[in-house]
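Everything on this sheet refers to the single structure shown next.
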Amino acid sequence: MDDVDALLGELTEAISAADTLEALDAARVAALGKKGRVTQMMKNLGGMAPEERKAAGQALNAVKTQLAEAIEARKAVLEDADLDARLMAETVDVTLPPREERQGFIHPISQTIDEVVAIFGEMGFTVAEGPDIEADWYNFTALNIPPEHPARQEHDTFYLPREQDGQRTVLRTHTSPVQIRTMLDHKPPIRVICPGRTYRCDYDATHSPMFHQVEGLVVDEKTHMGHLKGCLIDFCRAYFGIDDLPVRFRPSYFPFTEPSAEVDIGCTRAGGKLSIGGDDWLEILGSGMVNPAVLENCGIDSTRYQGFAFGMGLERIAMLKYGIPDLRTFFESDLRWLRHYGFAALDMPSMVTGLTR
Ligand code: DAH
């Protein structure tokens, strides 16, 4: 019995001496844990005579209960102290001036992609994507631009080192290879637009080595040149927000379309200042009926299927709509520029005006 009393005294002292929650837990394990002192003594009960065992067992159980209570009590004290310490350390200085809230802005290219996707989305187009690093075959050959074709020179291509198997990869010079990927992966009817980054070795006020295009592709059994014209006229008018914007189709040449047309929109250059709408012309995109050779390269029966394609530069249409004079500034990461030309996130003008007016 003396043993038990001594043990109780010793362990209770250890518990009240614990000055952190970790130390308290260590004291708990030393007393009541699997290999703890009390547990050890409980195990010894087995070797005692029955009457002796009963008394000792009761005494040990009482010790256990007392120790558990002591631990709980100490724990409450330590937790309180912890909280007090935190409250002291974490005081809020209500006299500090508020920190300026910096709002981010949507980059004009992201905004333009959203607008273009929304307009074509209304017409039933979905969005397709492809890789920036493209095999030569997808970027050129499958689009009816064989090696040594003069169109290859016009693209100022960035070539990557040859692969081990001799394959050549390039930074895609246009989004047209996504047409090929789409046709290889999906059976007609196809109606997709493909916005994305493109690359050419060129740098001046209207060119940057990395820029963006959006490609469009429609393939089915019935689509004809009239659909191409209607679709692109509607797009130009919706994008620039001018219902009677003049749009004209000018015969042109692209290896992947036949016939091909460049699309011009009405503009004015009065006083050296370019603005959209008017009776002068400004080229904004390339288009045409998908060349049957391209359909066949993708395993599509060109006697049954036909369609149209188009491609345009996104910086160019953003510059025209938002009056941004230099294409290089899109990628200079100048926050003052972004604050000026960017778009507020979560800006819902129609809702706001609807509520306040
Ligand atoms: N890929 C052409 C370029 O980068 C643009 C283009 C023209 C795409 C005509 C087309 C198209 O899909 O039909 O200059």
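In each ligand, atom 1 is the first atom listed, and ligand 1 is the first ligand listed. Throughout, numbering of the chain's residues begins at 1 and tracks the sequence. Please read all numbers here as calculations on a predicted model, not as lab measurements. Note: hydrogens, waters and symmetry copies are ignored here, and every other heavy atom, side chains too, is used.
- With Asp202 contributing its side chain and His207 its backbone, the two residues share no donor-acceptor pair below 3.5 Å.
- Inspection of the Asp220 and Thr223 side chains reveals an N or O donor paired with an N or O acceptor under 3.5 Å.
- Under the 3.5 Å distance criterion, the side-chain polar atoms of Thr198 are left unmatched by any main-chain donor or acceptor of Arg172.
- For ligand 1 and Gln213, the ligand atoms under 4.0 Å from any heavy atom of the residue are 3 (C), 4 (O).
- Shortest contact from atom 12 (O) of ligand 1 to any protein heavy atom: Glu215 OE2, 2.5 Å.
- Contact annotation for Ser176 and ligand 1: only side-chain heavy atoms (C-beta onward) come within less than 4.0 Å of the ligand.
- Here the options are Ile193, Val214, Val192, the test is side-chain contact (heavy atoms from CB on, under 4.5 Å), and the partner is Phe120; only Ile193 passes.
- In this structure a side-chain-to-backbone donor-acceptor pair under 3.5 Å is present from Asn297 to Ala142.
- Taking a cut-off of under 4.0 Å to the non-hydrogen atoms of His174, the atoms of ligand 1 that pass are 1 (N), 4 (O).
- Remark: ligand 1 atoms within the under-4.0 Å shell around heavy atoms of Gly311 are 6 (C), 8 (C), 10 (C), 12 (O).
- Within the listing of ligand 1, atoms 13 (O) sit less than 4.0 angstrom from a heavy atom of Gly288.
- Counting atoms of ligand 1 from 1 in the listed order, those under 4.0 Å from a heavy atom of Thr257 are 13 (O).
- Close contacts between ligand 1 and Ser287 involve ligand atoms 9 (C), 11 (C), 13 (O) [criterion: under 4.0 Å to a heavy atom].
- The proximity of Gln179 to ligand 1, defined as any non-hydrogen pair under 4.0 Å, is limited to the side chain.
- Taking any N or O of Phe254, backbone or side chain, none lies under 3.5 Å from an N or O belonging to ligand 1.
- Salt bridge status for Asp136 with Arg168: present, with a side-chain N to carboxylate O gap under 4.0 Å.
- Under 3.5 Å, the side chains of His224 and Gln306 contain no donor-acceptor pair of N or O atoms.
- Given atom 3 (C) of ligand 1, the protein heavy atom at minimum distance is Arg200 NH2, 3.7 Å.
- Every N/O-N/O distance between Thr173 and ligand 1 stays at or above 3.5 Å.
- His174 has its ring centre less than 6.0 Å from the ring centre of Phe256.
- Considering backbone and side-chain N/O of Phe256, none are found under 3.5 Å from N/O of ligand 1.
- Pro177 and Glu134 make their closest contact through CB-OE2, 3.6 Å (heavy atoms, listed as atom of the first residue, atom of the second, distance).
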